[in-house]
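This report concerns only the one structure given below.
Numbers restart at 1 for each chain; the letters A, B, ... are given by sequence-line order, proteins then strands. Here the structure is a predicted model, which is why all the values come from computation and not from measurement.
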Amino acid sequence: MPNGKAKDRFLKPLVADYEELLGRFQQTESVRFEEFTAIWRNMGFSSVFYGSLAGNEMREFCHLTLTMAFNYFLPPYSFQIRVGGLYLLYGLYHTQLASPKEKIRIALKDWEQIQKFYQDSVNSQHYDAVYIIRKLIAENAVLYTAMPQMLTFRVKKKPQHHKVCEEFRDRPERVKDLISTDMLQEVANIQGHHERLKASVLERSSIAVTQQDLPARLHSCVLEFLHWQDRHENHGDADHLVYAEEKAQQVESSNRAQLLASIKTKSYGCLAEASKSRRHRQVEMDTSISGTGYIKEAPKYHKSRAPSLKARTNKNLCGEGDEQKIQYWLLSAAEEDKTALKRQKRKHSFRW
Amino acid sequence: MAAGSSSNVNENIPVFEYKDINTKPFHVGSFRTAWLEKLKPIDYSYEDKYEENEDADFAKEMGIAPETLDELKAICSVDTLRGQAEDEPLDTNVVPPDPTLQTLIQRKKKQDYKGTLRIDKISRVDHYQDELESLAVGKRPEDPADLVPEGEIILSINVLYPAIFERFRYVRPHMTLQMLGSHSLVDLRDAICCISDLQVFGEFSNTPDMAPDFISKDHFKSAFFYFEGVFYNDMRHPECQDMSETTIEWAKTRDFPTFHKAKMEDTRFYDLKVKVGYPYLFCHQGDCEHVVIITDIRLAHKDDCLDRKLYPLLTHKHRVMTRKCAVCHVYIGRWLTTNDPFAPNDPCLFCERCFHMLHYDEKGNKLGQFLAYPYVDPGAFN
């Protein structure tokens with residue numbers, strides 16, 4: 001893609017929208033496509049492509065949407081979020097307005113993960129997920145590439161890595177990854193080998209340097225951890241309620257503390273020290289601060305000052321109503337009037 | 001980890017060396033075979049897959065009944081994604097009112113701002129430039145022998161202009177070429193257009209009508225590419241010299257790993273070992289250096305341009321402003337004069353007509369003392 005400017009602009013709101021959609025999908029706690037389309041229609045997500053985008057921007061935007069959505073299809077996200085990512089890709093591919101359609105880029109390094117995901121879906125009989133993957137491949141919606149994005153060596157710009165949304169993350173499986181069945185097998189083999197060597201070398205084979213039942217103990221450790229994780233998750237709701245109650249109590253107590261503090265500040269107040277010459281006109285305390293909210297904010301000066309003598313004279317005699325009038329005809333402007341020759345500066349340029 | 005040895009560290013799978021910047025070096029041909037192994041031929045073919053076959057395969061794999069399949073298809077069809085109100089025609093050019101999506105809120109701001117502008121400036125050239133990309137999309141050749149075969153690799157290469165000026169710090173003027181994996185490096189070299197190739201040297205104030213019969217491109221034919229420690233020299237013509245020789249000799253005296261040499265015409269892209277997204281060098285005319293970045297490598301797709309004759313394909317080209325004649329401001333400058341008493345500044349550009357009118361009388365005699373050089377404008381390739 002020629003320039004990365006479009007990407008920077010559109011990135012944040014797009015990611016916010018995706019996380020909103022996937023957050024709602026996560027709450028439905030299902031992986032059915034019907035649920036997904038209900039949320040999609042509710043949010044009116046197809047309209048994300050509406051609005052005329054100048055020139056090539058539409059194509060770049062579609063490319064960006066697909067690239068960003070693809071991140072949610074890969075680990076470390078949980079299975080449900082990955083299925084959500086898949087549906088998201090499907091939806092975006094079909095509702096995009098660029099023609100010919102922008103394709104989904106799959107890098108070689110991610111293919112293994114995708115195959116694993118496919119197998120998991122087949123084994124769990126998630127018909128809709130499987131059907132959609134097959135449909136995308138059959139429709140030639142996929143480009144098989146080396147890398148998920150086009151790389152143009154933009155080192156000066158800080159590359160924006162995809163920030164993994166913590167709520168969507170899968171349960172950490174680090175223990176299972178460390179002590180996999182292959183590893184246990186190998187440890188058992190090595191142990192057996194060691195025992196045999198020991199027996200052949202030493203006469204007294206009662207000396208035991210290693211633990212005899214190491215593989216079995218590792219295995220039981222892993223199982224215990226998994227059970228604990230399951231229990232922790234199942235009791236997550238109950239724990240959550242208790243936690244919420246505690247939090248509510250804390251909030252109450254802190255509210256009282258805040259109330260007391262605010263009363264104190266009102267009485268002592270953030271009085272601005274008036275200068276000596278105007279000490280006879282003390283700064284007025286603003287007693288209109290409501291309730292518990294604002295503690296540290298300085299009292300605002302609500303009472304407007306009376307217009308000065310100079311201002312009043314100007315208003316009465318000179319008539320300032322025409323300040324804003326733009327002089328279109330330079331011939332009719334007075335010679336001393338320099339503002340007529342100056343170009344009107346645009347009040348505010350567009351900020352993305 | 002003892003289990004580490006069982007994981008397959010396949011060198012042909014490109015991975016990031018620095019995240020989101022560039023990859024580690026990998027062999028292009030092996031990358032292609034790696035993909036082709038993992039896919040079924042039907043996945044990357046150009047034909048449309050028949051829906052009935054797809055459905056049959058799917059039903060067989062999952063073991064579901066035809067009624068379930070029909071129901072599934074209805075649920076997963078694309079129509080479910082559209083909103084309910086389908087009666088009124090949807091204007092996709094306008095952001096819908098009361099947007100809830102963040103993207104749309106942002107876009108609406110821009111749209112409202114655009115409405116306040118009195119003049120909407122669209123540069124016509126920029127408009128057409130954006131279309132350059134999609135110009136050759138979906139083209140099929142007339143002769144089936146010219147069809148790009150399925151499973152062919154397409155590379156996107158950015159060749160940056162030789163930019164030494166300060167004002168090029170924020171802009172990266174480049175041209176993007178798409179090439180096939182079976183092309184050789186000489187095809188890339190021929191496709192790169194640089195104005196230094198067109199330069200004519202020599203002072204022509206005494207003989208303005210003698211058309212220079214050579215351009216630098218014909219005179220200095222040597223060039224080389226540098227990829228991953230290997231210099232690929234262009235040795236097609238007898239007058240080509242090996243420009244990389246000096247660099248290799250110099251590197252031997254310093255603390256550099258040894259560089260190798262190869263011939264440009266014998267190397268295809270499949271034989272290269274490169275990093276994606278990493279800058280490399282193309283040098284020609286002795287000192288005109290271009291930075292070359294391979295931005296993307298992928299398998300060919302149905303919607304690409306499938307005509308071999310059209311490759312190398314230009315997909316993006318930076319437009320350079322042309323400098324006009326100092327006198328008429330209408331025609332492009334063709335002559336550059338120095339030490340010229342007639343010219344307002346030194347050096348000064350003139351177009352053909354103004355140059356002759358100012359410096360030569362009707363008989364063609366030179367008036368005054370000046371030096372004149374033929375000038376090639378950088379925007380010659382626009």
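- Neither the backbone nor the side chain of A:Leu92 comes within less than 4.5 Å of any heavy atom of chain B.
- A donor-acceptor contact closer than 3.5 angstrom links the side chains of A:Glu19 and A:Tyr72.
- Most heavy-atom pairs under 4.5 Å with chain B: of the set A:Asn42, A:Thr37, A:Val187, A:Ile132, this distinction falls to A:Thr37.
- Put simply, of A:Leu21, A:Val130, A:Val142, the one with the most heavy-atom pairs under 4.5 Å next to chain B is A:Val130.
- Of the residues considered (A:Tyr118, A:Tyr87, A:Phe36), A:Tyr118 shows the highest number of contacts with chain B, using heavy-atom pairs under 4.5 Å.
- B:Lys38 has a carboxylate O that lies under 4.0 Å from a charged side-chain N of A:Glu112, or vice versa, which qualifies the two as a salt bridge.
- Each of A:Arg32, A:Lys101, A:Arg105 has some count of heavy-atom pairs under 4.5 Å with chain B, and the biggest count is that of A:Arg105.
- If you tally non-hydrogen atom pairs under 4.5 Å between each of A:Ala38, A:Ala138, A:Gly44 and chain B, the highest count goes to A:Ala138.
- Looking at B:Trp35, its side chain does come within 3.5 Å of a backbone N or O of A:Thr145 through a donor-acceptor pair.
- With a 4.5 angstrom heavy-atom cutoff, B:Lys108 does not touch chain A via any of its atoms.
- Results of the side-chain contact (heavy atoms from CB on, under 4.5 Å) test with B:His174 over B:Asn158, B:Val159, B:Thr295 single out B:Asn158 as the only residue that passes.
- A salt bridge links A:Lys103 with B:Asp303: the distance from a Lys NZ or Arg NE/NH1/NH2 to an Asp or Glu carboxylate oxygen falls below 4.0 Å.
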List the steps, then state whether side-chain hydrogen bond (donor to acceptor under 3.5 Å, both in side chains) holds for A:Gln96 with A:His63.
-> CA-CA 10 Å; A:Gln96 66 174 306; A:His63 181 85; over 6 Å; no
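- For the set B:Val276, B:Ile153, B:Leu39, the entry with the most heavy-atom pairs within less than 4.5 Å of chain A is B:Leu39.
- Residue contact with chain A, scored on non-hydrogen atoms closer than 4.5 Å, involves the side chain of B:Ile293 exclusively.
- When A:Thr95, A:Val48, A:Val122, A:Asp128 are compared by the number of non-hydrogen pairs under 4.5 Å with chain B, A:Val48 comes out ahead.
- The pair B:Asp296-B:Arg298 meets the salt-bridge criterion, since a charged nitrogen lies less than 4.0 angstrom from a carboxylate oxygen.
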